[in-house]
Undergrad: 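Structure below; questions to follow.
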Amino acid sequence: MADLVRLFNRFQPDHYDIFLDVSRSEKKFSGKTTIYGTASEKSIGIHEKDFDVTAVTVDGTPVKFDVDNANEVINVELDHTGEVAVSIEYSAKLTDTMMGIYPSYYQVDGEQKQLVGTQFETNFARQAFPCIDEPEAKAKFNLALKFDEQPGETAIANMPETKVEDGVHYFDETVKMSTYLVAFAFGDMQSKMTETKSGVKVGVFGTKAHAAKELDFALDIAKRSIEFFEDFYQTPYPLPHSWQLALPDFSAGAMENWGLVTYREAYLLVDPDNTSFEVKQRVATVIAHELAHQWFGDLVTMRWWDDLWLNESFANMMEYVAIDAIEPSWNIWEVFQTTDVPAALKRDAVDGVQSVHVQVNHPAEIDALFDGAIVYAKGARMLVMVRALIGDDALREGLKNYFEDHKYNNAKGSDLWDALGKASNIDLGKIMESWLEQPGYPVVSAFVEDGHLKLSQTQFFTGAGKDEGRRWQIPLNANYDQAPEIFSEESIDLGDYEELRSSNGKPFRINVGNNSHFIVKYDETLQNDILSDVDQLDATAKMQLLQDFRLLSEAKQVSYAEVVPVLKQFADSKSNVVNDAVYTIVAALKKFVEPGSQDSDNLKKFVRQLSDAQLNRLGLVSVDGEDNNDKLSRPYILGAALYADNPDFQEAAHAIYLDHQDNLISLPADTRVYILSNEMKNYANAESFDALIEEYKQSTDPSFKSDICAAVTSSKDAKLVGKLVANFEDSSVVKPQDLRAWFAGVLRNPAGQQFAWDWIRDEWQWLEDTVGGDMEFATFITVISNIFHTQERLDEFKAFFEPKLDTPGLTREIKMDTSAIESTVALVETQKDAVRSAIK
């Protein structure tokens, strides 16, 4: 495939008339698309992918054309420039790659059914209709859709349906929008509707494989999110409706198609009678994320994919702003601290990581941009820094002006900084350039030298990394007024430490609130001062201390052995964010011990010491009215008890399992995965194992299915785990959308690692054919790098993946993940003796 060529430069569409005739039974469709636009050259290109093009006319006259499949372009010759109408007739196949127009498969009462939907981001609209498939090529769309319709079926799209004539569904003209946001779906659906205060119709759609009550939670969150965003953005939602659709097969988590948002069922449908609080939080934030996009991404769209962060970073921050406003008791920012923040800090510390703003030089690199830890999580953290700097009043004023200036058009990152900078009277562009354009982040060292309190910054790497002298404009958020608001120098002297300590009356701390994207390395004097007063810290500050200890340990700047005794100070915390930090470190310690060894037994004893009191306090089942912290902490404690082979937990969990064995989905959702995992690890036989797999195949509850996946992949029986791998390519057992979770579960399991590793090497071509067009394809490699930690596995990883280094879209991932495993191997070799001694 050639380098990127921007077709928009030669032809600027204004309007599309799209007719599609889809046959599910024959798995194909035909279509005619007429594009009205302006040609600036006589030779123009129009995107297509896998079409059989039968005719091209310009202004009603047949013209010469050729199809360049390698570059996914129809080349058309015109006899004039200026306004033209290009009509293209074609046919194509429905895909099974969850891209373009594709069927989702599901069953109702044993009958196989299909729900046809679309996924056009990043550049797959060209698999459905000829177009200039670039975000800058905004146009209006009229869709007419025909399909092999059965009685009672429904068709939905970005805009309301206006009429049905001769079996053709006609939809209202869209507003001006990018091709990747066009969407439609049809099949046997159920729905529930409501309306916002401003009159926007809100609906949730799903298949009839689900109970109608599973749509209620999403409907409520969607309605209140739109109302919140209309108020916060001070900009009306610009469409007549907002449909939310759950697709049984969906590659990404969700997609912000304007007016018709599509989701994995796991991220939209909720059983109101038995769903964990954690899952409700996750579903709510996903819905709010996609609805934030209706303005930030849809109304105003990045000009090119290098500014993808404009879409995703902002939506990632706003999902938390919205849910915090509509459900304040949830303390949803704690979820940001335990998910997005550590993901960003881990990924961004590996040499070779992409910056938030990154150039795209090849079509395959577009999908590689969707690095969840960078464009989503780091970018969101970057914007949290901005929000803390300028405040909500300036943020809202700036956004209102940004939307007003760029609505129905495109923008660049500098446009956002200009709008927010004018509203706040701060030169945000200057401050944020260091965060946007540079990869990585700094570690700020705070130390006392010659009696003076000093700070210095340098780039932080967890493995080998070349120090290129990068500097950041760091919002310090210090608790001493003598520290500057923005720290941009290499080092700074804050003055006499004893005088500062005395006048401030508290230990010195920076990055208070953990909102800025850096970590802190305190010297022994400052660290001991903080730890001696640790009970005075809030939960986020305690979590942050442990998080920074862990990252500094990964970088070999301190030793994990030094961190082990510190854990005991935090073991009895009632805060879920502190428990998250404690047990994230516990998980990191596992790489230092060999499964089945005396060292492994020692670590299990240590984990029991940490978790026993909490297990006794919390028990295995939530109780009515308990604090959300307890609900969210219990999973960490049960996970620890499961790992540590705690006999009290094993017996109690087994008893609960037996009470529910005739209806396993009725197990309490908050703790179900631990009860099932305990059963599979410690009590299961082939019969109960197979029965659970059958439950997985029959269930329509995505949360229950996820719990079963985690349980069966953790079995200690290598023979049983080997059977799972044999099902990886059977979509009637494991849908391709769920394969990564199954693969990761088996690879993480010592009893199954070899099976999974052999499978991915033997079946790489099948995997690439099945999910290779998916923006998450490269994350199969990331999964491996997160698990492998021995020299033998590193050698095998390099032997398999280094020959693939020139594969477009995989190059950066392979290099980074090789570096990550090398770093882990070196860390284990350096620290294993000290860690094993510390946990005795």
Side-chain angles (χ1 to χ4, degrees), residues 337 341-342 345-346 348-349 440-462 471-472 474-570 573 577-578 581-582 584-585 588 831 834 838:
Q337 293 286 359
V341 170
L345 290 170
K346 178 180 179 179
D348 207 23
Y441 61 91
V443 52
V444 175
S445 295
F447 54 97
V448 179
E449 183 179 78
D450 299 328
H452 279 226
L453 177 58
K454 299 180 179 181
L455 304 178
S456 66
Q457 64 161 301
T458 186
Q459 186 167 357
F460 179 73
F461 297 103
T462 49
R471 297 289 172 263
W472 285 263
I474 305 171
L476 274 180
N477 300 325
N479 67 342
Y480 285 14
D481 291 340
Q482 292 84 351
E485 185 177 35
I486 302 293
F487 173 40
S488 56
E489 304 88 350
E490 181 179 352
S491 60
I492 188 172
D493 186 333
L494 299 182
D496 184 273
Y497 171 64
E498 292 298 338
E499 291 180 9
L500 290 167
R501 179 66 176 86
S502 176
S503 64
N504 283 282
K506 56 193 171 187
F508 176 69
R509 291 178 52 236
I510 52 178
N511 204 7
V512 175
N514 202 33
N515 288 328
S516 293
H517 189 56
F518 69 95
I519 65 168
V520 188
K521 183 180 182 181
Y522 297 102
D523 74 357
E524 188 174 359
T525 297
L526 300 174
Q527 179 179 298
N528 288 342
D529 195 19
I530 293 170
L531 288 175
S532 67
D533 200 38
V534 76
D535 289 341
Q536 302 305 310
L537 298 180
D538 62 29
T540 298
K542 293 175 183 177
M543 177 221 69
Q544 182 183 3
L545 270 179
L546 293 172
Q547 166 193 275
D548 289 0
F549 281 153
R550 176 177 56 79
L551 286 161
L552 291 165
S553 298
E554 289 288 325
K556 301 195 285 290
Q557 293 191 30
V558 300
S559 171
Y560 267 113
E562 299 171 43
V563 181
V564 167
V566 176
L567 294 179
K568 295 175 183 177
Q569 280 186 259
F570 300 90
S573 174
V577 295
V578 176
V582 168
T584 300
I585 292 174
Q831 296 193 12

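We're numbering straight along the sequence, starting at 1. Side-chain atoms are counted along with the backbone in the values below, which use heavy atoms only and exclude waters and symmetry mates.
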Undergrad: Are the side chains of S573 and V582 in contact, using a 4.5 Å heavy-atom criterion?
TA: no
Undergrad: Does S532 use its side chain to pair, donor to acceptor, with the backbone of D529 at less than 3.5 Å?
TA: yes
Undergrad: Heavy atoms, side chains only, cut-off 4.5 Å: are L476 and P484 in contact?
TA: yes
Undergrad: If every non-hydrogen atom of A446 is compared with every non-hydrogen atom of L455, which pair is closest and at what distance?
TA: CB-CD2, 3.6 Å
Undergrad: So, for N479 and P507, which heavy atoms are closest and what is the spacing to 0.1 Å?
TA: ND2-O, 2.9 Å
Undergrad: Once rounded to the nearest 0.5 Å, what's the spacing between atom CD of Q527 and atom CD of E524?
TA: 7.5 Å
Undergrad: Quick one: closest heavy-atom pair of V578 and A539, and the distance?
TA: CG2-O, 3.5 Å
Undergrad: For F460, enumerate each residue passing the ring pair (Phe, Tyr, Trp, His ring centres under 6.0 Å) test, keeping only those at least two apart in sequence or located in another chain.
TA: Y441
Undergrad: Is it the case that more than 12 heavy atoms not belonging to K346 sit under 6.0 Å from its NZ atom?
TA: no
Undergrad: I need the minimum non-hydrogen distance between P475 and S516, along with the two atoms involved.
TA: O-OG, 2.8 Å
Undergrad: Extract all donor-acceptor atom pairs below 3.5 Å that involve side chains of residues 540-554 and protein atoms in other chains or at least two apart in sequence.
TA:
from: Q544; atom 1: NE2; to: N511; atom 2: O; distance (Å): 3.0
from: Q544; atom 1: NE2; to: N514; atom 2: OD1; distance (Å): 3.4
from: D548; atom 1: OD2; to: V520; atom 2: N; distance (Å): 3.1
from: S553; atom 1: OG; to: F549; atom 2: O; distance (Å): 2.8
from: E554; atom 1: OE2; to: Y560; atom 2: OH; distance (Å): 2.4
from: E554; atom 1: OE2; to: K591; atom 2: NZ; distance (Å): 2.8

Undergrad: Check A561 against P565 and note the closest heavy-atom contact, atom names and distance.
TA: O-CD, 3.2 Å
Undergrad: Donor-acceptor pairs under 3.5 angstrom involving side-chain atoms of residues 486-495: please list them, not counting sequence neighbours.
TA:
from: D493; atom 1: OD1; to: H452; atom 2: ND1; distance (Å): 3.0
from: D493; atom 1: OD1; to: G495; atom 2: N; distance (Å): 2.8
from: D493; atom 1: OD2; to: H452; atom 2: ND1; distance (Å): 3.0

Undergrad: Any non-hydrogen side-chain atom of Q337 less than 4.5 Å from a side-chain atom of N515?
TA: yes
Undergrad: Drop me the distance from D533's CG to L537's CG, to the nearest 0.5 angstrom.
TA: 6.5 Å
Undergrad: In Å and rounded to the nearest 0.5 Å, what is the CZ to OG1 distance from R471 to T458?
TA: 6.0 Å
Undergrad: Identify the two heavy atoms, one from I474 and one from P442, that lie closest to each other, and give their separation to 0.1 Å.
TA: CD1-CG, 3.6 Å
Undergrad: Are the side chain of D538 and the backbone N or O of G513 linked by a donor-acceptor pair below 3.5 Å?
TA: no
Undergrad: Nearest 0.5 Å, what's the CZ-OG1 distance between R501 and T525?
TA: 11.5 Å
Undergrad: Indicate yes or no for a side-chain donor-acceptor contact from N504 to the backbone of K506 under 3.5 Å, with no hydrogens or angles considered.
TA: no
Undergrad: Looking at CZ of F518 and CG of D348, how far apart are the two atoms once the value is rounded to the nearest 0.5 Å?
TA: 14.0 Å
Undergrad: Do other residues, nucleotides or ligands put more than 12 heavy atoms under 6.0 Å from E485 CD?
TA: no
Undergrad: Tell me, with the steps shown, if I585 and V566 meet side-chain contact (heavy atoms from CB on, under 4.5 Å).
TA: CA-CA 11 Å; I585 292 174; V566 176; over 6 Å; no
Undergrad: A side-chain contact here means heavy atoms from C-beta on lying under 4.5 Å apart; do L345 and H517 qualify?
TA: yes
Undergrad: Is any side-chain heavy atom of K521 closer than 4.5 Å to one of F447?
TA: no
Undergrad: Here's a test for you: under side chain to side chain contact (heavy atoms under 4.5 Å, CB included), which of N528, V448, I510 qualifies with Y522?
TA: I510
